[in-house]
Structures are given as structure tokens and as C-alpha cells.
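Along the sequence shown, residues are numbered consecutively beginning with 1. Atoms within each ligand, like the ligands themselves, are counted from 1 in listed order.
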Amino acid sequence: MRDSHEHAAARLPYRHVHDFLIGGDARPADGEARTPVVDPATGVAWGSVPDADGAMVDAAVAAARGALPGWATTPPSERASALRRMADAVERRAELLAITNSLENGSPLAETGGAAANAAGILRVFADMAWFLERSDVRVFPNGADETVVARDPIGVCALIAPWNFPINLVVIKLAPALLAGCTVVLKPAPTTPLSIRFLVEAAAEAGIPAGVVNLVTGGAETGDALVRHPDVDKVAFTGSTPVGRRIAAICGELLRPVTLELGGKSSAIVLPDADLDAMSRILVRSCLRNTGQTCYISTRIIATEANYDAVVEMAAATVGAARLGDPLDPETVFGPLASYAQRDRVRGYVRSGIAEGARVVSGGDVPAPFPEGAFLVPTVFADVRPDMTIAREEIFGPVLTILRAESVDEAVAIADDTPFGLGGIVFGRDEDAAFDVARRIDTGSIGINFFASNHHAPFGGRHDSGLGVEYGIEGLSAYLTPQSVHRRRR
Ligand code: NAD
């Protein structure tokens, strides 16, 4: 694997970079601090990026501020056309982007191969929402004599901070509505995945989006913190862990700065007694362990009643046990390595805690993984998991499924809601109306009936510890707008 990965990395345009993308220029780093980019499948550091200091964050925010008046006053239809050109430009970069992404975070090509098309889809969906900005919105006062023109202005300069698990999607879902709204941005990817995002910035420039509208700085928590606190930033959009989200919320609260937070999750799949387990098996990995378990909304807690508990356990163990674990650059691979060695060790700690707390391993477990040089873990399925066990309560963010037993559907709903999170979820059942009724009882931001997916037209966001605000849909666009009501005599 090492040779083929080094060979793949050698073909990539971005490996060791020494600049930030600010105001349309490659701006050389002035400090010495750098972060290596490590292939988690092999342990080879194949790239590196500079860390932006406070002065560089100032420069990026100043470039975004300078570009704001021009972009904010560009007609929405022209901004939409630029988004469509950007979508085409991203798609032209699909292959290089996918390989870069897989070598950054170990996501299998089956996942990253679709990243450019998904990003393009999001850009086009938001381009199609230009009508929302162009329509006239006049509301009559209750007295019938006066009226209000409701205008929508771009919120301003936005700091967009992303995690490493879906480094393209989780930026585009902020960038597309921000650009359509007329905002300018500074992007800060996770330190694990700082290179693949360059294809997006390159595509924005190729699409004719003016210099300074999209700026990129790299770095870790310090760089992110400098952006969040920057006096000239008008809005923060963050996807990442709940503890960091809480800190950002506190800072934005103090500054009265609008913030969108997409945070962690611990979602449940409720399996009703009439569920079709063959159909469930076909989507189990996608909906419960997507991206080697490193997806925020996946339903890693499966809750089944006595009616089919044993059959669910048997199906899950067989399905996960049969899925291919291996080279992320092999298109047939289902599970890759974890994104980093630190993440591998964290997740292994959860596997050990599940065993120590008495859960029953039915697939995987604390066993040696293949490819010992990489951050691989054998995917694990635990049965007989009690709701009070650590593995049933905390976000693991790795290939670990927990299967809990409920006495009734009512108890299954109660167990599903007994977490501090509220992000995703699924209800499996042949009677889709009955499953829908169960879904409506779960306290969560999004939930699917027999599948889960993000609909680009519908809001996606978490409740409670899973976040604040939503992305996608008109609601996601509205997060980058600030209304102005102009009252006047009715005409
Ligand atoms: P993280 O919170 O460690 O980091 C996310 C980003 O924030 C990174 O770019 C990081 O450099 C930056 N950052 C870290 N400390 C910061 C600070 N003090 N101020 C400003 N920025 C800071 O998260 P991660 O480990 O990269 O990602 C995994 C987490 O993301 C999981 O909890 C997962 O559930 C969550 N996530 C949520 C969603 C969602 O839509 N709800 C989607 C994907 C991932």
C-alpha cells in the first residue's frame, strides 16, 4: 500500500504548500509553524501546510472585507451564474480532489469519488435559489394603510470553519449559501485536511468569482480562534465537535455575533417488529457506519425490541463482518483507516470500554487490525448494550455499532431520546406510516424512514448538544442574510 500511495501522492498538484490564498494571491507564510499531512493508511507524511498566525488572519479578513461591497452588490442572478460555473470547475477536478482527500483522511474512494459531484450539486441547488433574493417581499400592516418592504442583505464577512471527516462537503454547504447571499468568506479547514479544499478555491477563481471573495487560511485551534474573535468578522459557521462548538458559542455570545453550529451526534436506528432486515442490511453500513463511522448523523445505536432482537444482531454482525476493510484507494473498499492515529486510539479506547462494561462483541472487537502501519481498526458490533454504558452514550466517531434492547416501541423511543444530542436517526419498519409516527416522536433535527440522506432542499441541523441553526435549503441560505424592513405608506 505504501508504494502505491506514494506514487498516487506524487501525481498531486498540492503537497507541500507554503502559502495561503488571500485576495486572489498566493500569500507566502511569514512564520515557521507548519502542519504535516499524514496518510493514515501508511503513516507517511506526504504533504504539509503553513499555520496562519494572527497577522495572516488579519490579512485574510481584510481581503474579505475589501471584496464585500462589490460582491454584495453583484445581482443575485450573476452570483448564481458564478456558482454554476464553479460547480462545473469543481467537477473537472473530481479525480485529483478525491485522491487528495483520501490520502488526507483515509476516506475510501467510494466516498471521496463523489465529493466533487456532491459539491457541484450543492452549488447548483443554491444557485437555483436566487429567486429568493430577487423576489419582491412587501407585507401590508394590519391597519391596511401602510406596508413594509422586506429586503435581505448579505450578513457580511463570514468565517467558515470545517472538520476533517467530509472536508469538501462541510465547506461547500457553508460556502454556497454564503456566496449566493453576497457574503465574502475566510475558510479554515481542519489541520488534517488542508489540501483538498484548494481545489474548491481554485474552482472559485476559475469561475470568475472576484479576488478576495473566497480566502483560505490553514492552521489549527489557534487560527480558528483568531478568526472567531476577529473584530471584522460578521458571522461564524462552524462544523465540528461539541466542546469546541460550545467555546465558539460562548465567544460569539459575548460578541453578539451570529453563529451556526453543526456539532456531534449519537443517533439511533429504531427497528420496529415489522422491519425488513434484508433491506436494512443493504443500507446498514451507509446509514449506521458511513465513512468508517466518522459521520456526524449516522445511527450508531441500533434499538430493537424482543420481536426481532436476535435477528437484528445476527444481520448486523454478518453485514459489518463481510464489508471490506482495506486500502482507501481501492474502489471496492468499504472501511478505510481512521483519519488519524489519535482518532484510532480514541476509538480503540471505546471498544475496550465496551468490553470492560460487559457488552457482547458479535463482530470485530479488540483484535489486531490488518496493515499495522496504518490507523486501521477492525469494525466492531456490540450486542447487549445497556443505555448506561459509555459506548451507548458518547459519540465514538469510528466503526463501532451498539445494539440495545427495548421492551416496547415506547421504550425504544425513550432510549433514543436519552442522550444529550439530537442530530439524525432512522426508523426501520415495513408499515411506513407507523414508522413515520414513531419518527415524529423522536427529539432530533433530521430522521429517515428506512434510509437516511441529506436533502439539499431541506434544513439539516442539530438539537441540544448537536448544534444551533441549520444548513441546506432556504433556511440554510437565510443564515447568511440579515433582513431590513422598510416601512412606507401603502401605494
Ligand atoms: P473539532 O471541533 O476538533 O475541529 C473542527 C474545526 O474547528 C477544525 O478546523 C479545528 O481546527 C477548529 N478548531 C478547533 N478548536 C478551535 C477553537 N478553539 N476555535 C476555533 N476553531 C477551532 O472537530 P473534528 O475533530 O475536526 O471533527 C469531528 C467532529 O465534528 C465530531 O464531533 C462530529 O460529530 C462533528 N461533525 C458534525 C457535523 C454536523 O453537521 N453536525 C458534521 C461533521 C462532523
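With Arg324 contributing its side chain and Gly336 its backbone, the two residues share no donor-acceptor pair below 3.5 Å. Using modelled atom types, no side-chain atom of Lys235 and backbone atom of Leu481 make a donor-acceptor pair closer than 3.5 Å. Of the possible donor and acceptor atoms, none in the side chain of Thr242 sits under 3.5 Å from a partner among the backbone N and O of Leu263. The backbone N or O of Thr300 lies less than 3.5 Å from a partner atom in the side chain of Thr402, making a donor-acceptor pair. Of the possible donor and acceptor atoms, one in the side chain of Thr333 sits under 3.5 Å from a partner among the backbone N and O of Asp327. Judged by distance alone, the side chain of Thr184 and the main-chain N or O of Val213 form no donor-acceptor pair under 3.5 Å. Between the side chain of Asp417 and the backbone N or O of Ile442, no donor-acceptor pair lies under 3.5 Å. Side chain of Ser340 to backbone of Gln343: a donor-acceptor contact under 3.5 angstrom is found. For the pair Asp39 (side chain) and Gly106 (backbone), a donor-acceptor distance under 3.5 Å is absent.
The nearest protein atom to atom 19 (N) of ligand 1, hydrogens excluded, is given as Asp225 N, 3.5 Å; this is a heavy-atom distance. The protein heavy-atom contact nearest to atom 34 (O) of ligand 1 is Glu395 OE2, 2.5 Å. With respect to atom 1 (P) of ligand 1, the closest heavy atom belonging to the protein is Ser241 OG, 3.6 Å. In this structure, the protein non-hydrogen atom closest to atom 44 (C) of ligand 1 is Asn165 ND2, 3.3 Å. The protein heavy atom nearest to atom 41 (N) of ligand 1 is Leu263 O, 2.7 Å. Remark: minimum distance from atom 22 (C) of ligand 1 to any protein heavy atom is reached at Val244 CG1, 3.8 Å. Here the heavy atom of the protein found nearest to atom 21 (N) of ligand 1 is Gly224 CA, 3.6 Å. The single protein non-hydrogen atom nearest to atom 39 (C) of ligand 1 is Cys296 SG, 3.2 Å, given as residue, atom name and distance.
In this structure, Pro189 has a heavy atom closer than 4.0 Å to ligand 1. Heavy atoms of Phe238 approach ligand 1 to within less than 4.0 angstrom. At least one heavy atom of Ala162 lies less than 4.0 angstrom from ligand 1. Ligand 1 does not have Phe166 within reach: every non-hydrogen atom of the residue lies 4.0 Å or more from it. Close to ligand 1: Pro191, with a non-hydrogen atom less than 4.0 angstrom away.
Residue Pro108 forms a side chain to side chain contact (heavy atoms under 4.5 Å, CB included) with just one option from Asp330, Asn291, Val334, and that option is Asn291.
Between Gly240 and ligand 1, an N or O atom pair is found at a separation short of 3.5 Å. Close N/O approach between Thr242 and ligand 1 is not found [any backbone or side-chain N/O within under 3.5 Å].
Between the side chains of Thr192 and Glu104, no donor-acceptor pair of N or O atoms lies under 3.5 Å. His5 and Thr42 share no donor-acceptor pair across their side chains, judged by distance under 3.5 Å alone.
Of all atoms in ligand 1, listed by their number and element, those nearer than 4.0 Å to a heavy atom of Trp164 are 24 (P), 25 (O), 26 (O), 27 (O). Atoms of ligand 1 lying under 4.0 Å from at least one heavy atom of Ala190, given by number and element, are 8 (C), 9 (O). Near Ile248, the atoms of ligand 1 lying under 4.0 angstrom from a non-hydrogen atom of the residue are 20 (C). Proximity to Phe460 (heavy-atom distance under 4.0 Å) selects the following atoms of ligand 1: 40 (O). The atoms of ligand 1 that sit less than 4.0 Å from any heavy atom of Thr239 are 5 (C), 36 (N), 37 (C), 38 (C), 39 (C), 40 (O), 42 (C), 43 (C), 44 (C).
Taking all heavy atoms of Pro163, Gly467, Pro167 into account, the minimum distance to atom 27 (O) of ligand 1 is reached by Pro163.
Here the straight-line distance linking atom CG of Asp465 with atom CD of Glu395 works out to 10.5 Å at 0.5 Å rounding.
Contacts between Leu170 and ligand 1 below 4.0 angstrom, taking non-hydrogen atoms only, involve the side chain exclusively.
Counting protein heavy atoms under 4.0 angstrom from atom 4 (O) of ligand 1 gives zero.
The distance between the ring centers of Tyr14 and Trp46 does not fall below 6.0 angstrom.
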